[in-house]
Engineer: 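Sharing a structure, written as structure tokens. Questions coming.
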There are 2 protein chains.
Amino acid sequence: MMYESLFNYIADYSRSSITKDEEDLIKNAFRPKILRKNQYFLQDGDVSKYTGFITKGAMRQYYLNKKGDEVIVNLFIENYWATDRESFFNLKPSAYNIDACEDTELLIITRADLAELMKKIPALVEMIRVMDDRHAIAAQKRLASTINNKAEDRYEELLRSNPQFIQRFPQHQIASYLGITKETLSRLKKARK
Amino acid sequence: MMYESLFNYIADYSRSSITKDEEDLIKNAFRPKILRKNQYFLQDGDVSKYTGFITKGAMRQYYLNKKGDEVIVNLFIENYWATDRESFFNLKPSAYNIDACEDTELLIITRADLAELMKKIPALVEMIRVMDDRHAIAAQKRLASTINNKAEDRYEELLRSNPQFIQRFPQHQIASYLGITKETLSRLKKARK
DNA sequence: GAAAAACAATGACATATGTCAATAAAAAAA
DNA sequence: TTTTTTTATTGACATATGTCATTGTTTTTC
């Protein structure tokens, strides 16, 4: 069932594995949430009350720029955590929207419940440390890549690092995520052949 | 003396303050390091053995791209931590250089010693959590800004968020940090007037 | 299955930024 | 001070990418 993928994820991200008791604690603390395609998980202006572990589906995080068009900052699929971190940890209104790109299943938890759980489950604390670490490294790389590489190189890089994204998200969303226009991405793909 | 700024930093970043005993533990674990201007703190290919808290001075982190020119990814001044996180935590060779832009004083510690210290000082653990958190948020913002804003807007943003940088680092390094050429930055400043 | 909506491709043109070379100005070294 | 090195400015031109409008294609909805 759903929780299995979360248990596996925790095992992957921490040395110490979790006990049956701990599994039960987790089952009690995280609750399932189902989102239909296009449904919001978080709306701009609301507090990101939950962090959600995706067990099935795909989501995106974006904001609206001055001109009013969507700028995608993150894409999420299975085994990703969806939340606006800033809003979630500081309980302040978010500037982002997060919504489902496909029918999606999540396991969600509040900040307070997560904090409680971390007191009881060391593996969870370690998981978060490792996640933060990898996250920081990945962010550094994505930034460097954005600054220094041409649109084409960044697209190639995404093809290598996250081929699933290209399958599952429409091309204009991929373009936005890469920080280029859909027209540029379209031309760049043509040129690659 | 030097350690005061570290103590203040920890106090700022965690709710629980630290005891006199904990201060002594910290003094024993972190050791002072002085770097002359232009001296390396970390060289590309070496493992980033230490993380360093800057008490005085300024540093930069950069790599050499294919063409062989320096690409600055981070600038550090007082109260910043200088390390290549990926290398420091995984003890693998770094792809970055970190060197001093001015005569610089740091308090340095190894990963192992830091881990030991974290077992003894809860405030330190919290500090790191908060740092990671803010770091992730800042990285997200910097990425979004890099992707969506024009060079000029990014410069304005830096003027607002880190005016000290503009004072202390030469303009061509600021340009590199912003991901633009020195010529573009020069022109952009002229146009602003 | 027809109509509507979302998605993708393409052309013409505009603009931001990069590149290269020259020169000037400022700072550091001798 | 003089010389050298580093830093900054400027011009001419090249290139990547954006913008806007049009059309074609695919997917969704009724």
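Note on naming: letters A, B, ... go to the chains in the order of the sequence lines (proteins, then strands), and numbering restarts at 1 for each one. Atom set for the values below is all heavy atoms of this structure, side chains included, hydrogens, waters and symmetry mates excluded.
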Engineer: How long is the line joining CG of A:Asn148 and P of C:dG18, in whole Å?
Structural biologist: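 Going from A:Asn148 (CG) to C:dG18 (P), I get 11 Å.
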Engineer: Are the side chains of A:Gln61 and A:Asp84 in touch, meaning some heavy atoms are under 4.5 Å apart?
Structural biologist: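 In contact.
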Engineer: Can you list, by residue number, the residues of residues 150-168 of chain B that have a non-hydrogen atom closer than 4.0 angstrom to DNA chain D?
Structural biologist: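 Within this stretch, nothing sits under 4.0 Å of the strand.
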Engineer: Apply side chain to side chain contact (heavy atoms under 4.5 Å, CB included) to residues A:Phe7 and A:Glu4 and explain how you reach the verdict.
Structural biologist: CA-CA 5 Å; A:Phe7 298 154; A:Glu4 284 305 329; 4.3 Å; yes
Engineer: Could you check whether any side-chain heavy atom of A:Tyr155 comes within less than 4.5 Å of a side-chain heavy atom of A:Leu185, counting everything from C-beta outward?
Structural biologist: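 Yes. Closest side-chain heavy atoms under 4.5 Å.
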Engineer: Under 4.0 Å, heavy atom to any atom of DNA chain C: which of residues 59-78 of chain A qualify?
Structural biologist: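 DNA chain C contact set from residues 59-78 of chain A: none.
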Engineer: Specify the separation, in whole Å, of atom CD1 of A:Ile180 and atom P of C:dA8.
Structural biologist: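 Going from A:Ile180 (CD1) to C:dA8 (P), I get 13 Å.
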Engineer: Check A:Glu126 with A:Arg15, please: is the shortest side-chain N to carboxylate O separation under 4.0 Å?
Structural biologist: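 Salt bridge between A:Arg15 and A:Glu126, a charged N being under 4.0 Å from a carboxylate O: yes.
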Engineer: Do NZ/NE/NH1/NH2 and the carboxylate oxygens of B:Arg60 and B:Glu70 come within less than 4.0 Å?
Structural biologist: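 Salt bridge present between B:Arg60 and B:Glu70.
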Engineer: Can you run down the salt bridge (Lys or Arg N to Asp or Glu O under 4.0 Å) pairs that involve residues 31-53 of chain B, sequence neighbours left out, and say none if there aren't any?
Structural biologist: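 For residues 31-53 of chain B: none.
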Engineer: Check the hydrophobic clustering (I, L, V, M, F, W, Y; side-chain heavy atoms under 4.5 Å; chains of links allowed) and say if A:Leu143 and B:Val73 are grouped together.
Structural biologist: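 No, no single cluster joins them.
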Engineer: Do A:Phe165 and A:Tyr177 have side chains that get closer than 4.5 Å, going by heavy atoms?
Structural biologist: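 Yes - at least one pair of side-chain heavy atoms lies under 4.5 Å apart.
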Engineer: Between atom CG in B:Asn149 and atom C1' in C:dA16, what is the gap in whole Å?
Structural biologist: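 Spelled out: CG on B:Asn149 to C1' on C:dA16 is 14 Å.
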Engineer: Classify every nucleotide of nucleotides 8-14 of chain D by which part a protein heavy atom approaches to under 4.0 Å, writing B for the base, S for the sugar-phosphate alone and - for neither, in 5'-to-3' order.
Structural biologist: SBBBB--
Engineer: Test side chain to side chain contact (heavy atoms under 4.5 Å, CB included) on B:Val125 and B:Ile121; report intermediate values, then the result.
Structural biologist: CA-CA 7 Å; B:Val125 177; B:Ile121 309 181; over 6 Å; no
Engineer: Using the C1' atoms of five pairs at each end, what's the angle between the two axes of the helix from C:dG1-D:dC30 to C:dA30-D:dT1, to 10 degrees?
Structural biologist: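 Inter-axis angle at the termini of the helix from C:dG1-D:dC30 to C:dA30-D:dT1: 50°.
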Engineer: Would a distance-only check, ignoring hydrogens and angles, find a side-chain to backbone donor-acceptor pair under 3.5 Å from A:Thr104 to A:Gly57?
Structural biologist: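 Answer holds: no.
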Engineer: B:Tyr13 versus B:Arg134: any side-chain heavy-atom pair under 4.5 Å?
Structural biologist: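 SC-SC contact between B:Tyr13 and B:Arg134 confirmed.
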Engineer: Go through A:Val130 and A:Asp132 one step at a time and tell me if the side chain to side chain contact (heavy atoms under 4.5 Å, CB included) criterion holds.
Structural biologist: CA-CA 5 Å; A:Val130 174; A:Asp132 279 353; over 6 Å; no
Engineer: Do any of residues 139-146 of chain B sit with a heavy atom less than 4.0 Å from DNA chain C, and if so which?
Structural biologist: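 Those residues: none at all.
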Engineer: Measure CG/A:Asn38 against P/D:dT27 and give the value in whole Å, please.
Structural biologist: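 Rounded to whole Å, this separation is 16 Å.
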Engineer: Distance check needed: D:dG18 C1' versus B:Ile147 CD1, whole Å only.
Structural biologist: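 So the CD1-C1' distance, B:Ile147 to D:dG18, works out to 15 Å.
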Engineer: Rounding to an integer number of Å, can you tell me how far A:Leu188 CG sits from C:dT10 P?
Structural biologist: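 Between P of C:dT10 and CG of A:Leu188: 13 Å.
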Engineer: Compare every heavy atom of B:Leu114 with every heavy atom of B:Leu124, then report the nearest pair and how far apart it is.
Structural biologist: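 It is CD2-CD1, 4.1 Å.
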Engineer: ring-ring contact (aromatic ring centres under 6.0 Å, His included) with A:Tyr9: which of A:Tyr3, A:Phe30, A:Phe53?
Structural biologist: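 Among the candidates, only A:Phe53 passes.
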Engineer: Under a 4.0 Å N-O cut-off, is there an ion pair linking B:Glu102 with B:Arg168?
Structural biologist: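 Between B:Arg168 and B:Glu102 there is a salt bridge, with a charged N closer than 4.0 Å to a carboxylate O.
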Engineer: Salt bridge check, B:Glu157 against B:Arg142: does any charged N sit closer than 4.0 Å to a carboxylate O?
Structural biologist: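 Salt bridge flag = no for B:Glu157 with B:Arg142.
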